[in-house]
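To start, the structure under review is shown below, and the notes come after it.
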Amino acid sequence: MGMDVPDDIVDRIRRVIGSAPGVALHEPDLGETEKAFVLDCLASGWVSSVGKYVDQLERELASYTGAKHAVAVVNGTAALHTCLILAGVRPGDEVLCPALTFIATANAIRYCGAEPHFADVALDTLGMCPSRLEAYLTDLVRVEHHTPVNRFTGRRLAAVVPMHTFGTPVDLDPLQEVCERFSIPMIEDAAESLGSLYKGRHTGTWGLASAVSFNGNKIITAGGGGAILTNDSDLAARAKHLTTTAKRPHRWAFEHDETGFNYRMPNLNAALAVAQLSRLDLLREQKKRLAQRYAEAFSDCPSARFYKPPAVADSNCWLNAILVDGGQAMRDQVLERACDSGIATRPIWQLACDAAMYRECPSMDLTNSRMLVDSIVSIPSSAHLAGPRQLQSAA
Ligand SMILES: *Cc1c(COP(=O)(O)O)cnc(C)c1O
């Protein structure tokens, strides 16, 4: 008789991560560089809203991703909120976003006084599906005074916000075409995908502007933090202005010309982020190796498959996941059994459209999103779990 399904799955995870008790889902990877930069920041006295590490982070983030500009902010949600304002999202608008996303995507839309309008995801990328979005918009959109409007609600469609789930880029080329065809700006929620590329170009550099997160669970962390990426110099200047209380530059006067936000990243957090950014390539390498080992461990699993991004995607492999057969009941048994065995695993998020505050929002058919919610289990993904690099024998 074969092994019980949850036991088999836990056993396969254990083959990769070893037998240590208490394995976390995702831990930050901190070392001597982090310590040195944070101590240097403390010694300088510049721990708060200005300092050299904020400027350094912005320069190095732009250079790493190839974005023309980066603006460091207090967290990824604030970055997303600011991006939506940059795109011109106003009260009464609608903004398309995936139902399968962390709640912050929808929250940022609401912060603008706009309504999230939920789209389904593709099974291969776990992100917005360009072809289904195109078919949906073809029925939905009416053009009024050169503006795309939802013909049923009469509200303006002000932005499309794809999210790169677990680091896997959405199918950006066709998605960008759809956005252009309907004249709707694209803002990327790249909170999970720093270091992921699509056709050789970094996620976060495709949209009008995009949001990155440095929360403690992301591929690199600032303790808490985020950034706005954009190739548009005017938008970058406006992002900086808006996120720093919209104060006009002056040697001593306090003059503010619009209602801005205190969304600055403190220099202390930026010091940590600069150190982390210097090891992003190494982390990516470790995470690719870990994903490869999971793929092998699950290659012949009869009851679950390891999620693999499509070939065109060069993912940062931030969070690994398996898709468990047998619906929500089996998914929950796997979560229970992993928990019993001291392995942190998690279901994916509740669909944003099912959260109490978004239940009345418009939505397309969400068949794929609902199926994925019932089957996805995220599994331990800390970079150190990849183990030591295979030693090459001396040639
Ligand atoms: C983490 C995350 C955010 C928000 O980032 P914070 O820095 O935690 O505010 C937004 N969207 C997605 C998809 C995320 O995973």
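In this text, all values refer to a predicted model and were calculated from it rather than measured experimentally. In listed order, ligands and their atoms are each counted from 1.
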Inset, instruction - Could you tell me which residues satisfy side-chain contact (heavy atoms from CB on, under 4.5 Å) with Ser183, sequence neighbours excluded, listed by chain and number? - result: none
Inset, instruction - Could you list the residues that satisfy side-chain contact (heavy atoms from CB on, under 4.5 Å) with Val373, not counting sequence neighbours? - result: Leu100, Arg331, Ile348, Leu351
Legend entry - Note, Ser303 side chain near Met330 side chain (heavy atom, < 4.5 Å): no
Legend entry - Residues in side-chain contact (heavy atoms from CB on, under 4.5 Å) contact with Ala72, at least two apart in sequence or another chain: Val54, Leu57, Glu58, Met265
For ligand 1, what N or O to protein N or O distances fall under 3.5 Å?
| residue | atom | partner | partner atom | Å |
| --- | --- | --- | --- | --- |
| ligand 1 | 5 (O) | Ser213 | OG | 3.3 |
| ligand 1 | 7 (O) | Gly76 | N | 2.7 |
| ligand 1 | 7 (O) | Ser213 | OG | 2.7 |
| ligand 1 | 9 (O) | Gly76 | N | 3.3 |
| ligand 1 | 9 (O) | Thr77 | N | 2.9 |
| ligand 1 | 9 (O) | Thr77 | OG1 | 2.6 |
| ligand 1 | 11 (N) | Asp189 | OD1 | 3.3 |
| ligand 1 | 11 (N) | Asp189 | OD2 | 2.9 |
| ligand 1 | 15 (O) | Glu192 | OE2 | 2.6 |
| ligand 1 | 15 (O) | Lys218 | NZ | 3.3 |

Legend entry - Aromatic ring proximity Tyr198/His164, centre distance under 6.0 Å: no
Inset, instruction - State yes or no: are the ring centers of His117 and Tyr136 separated by less than 6.0 Å? - result: yes
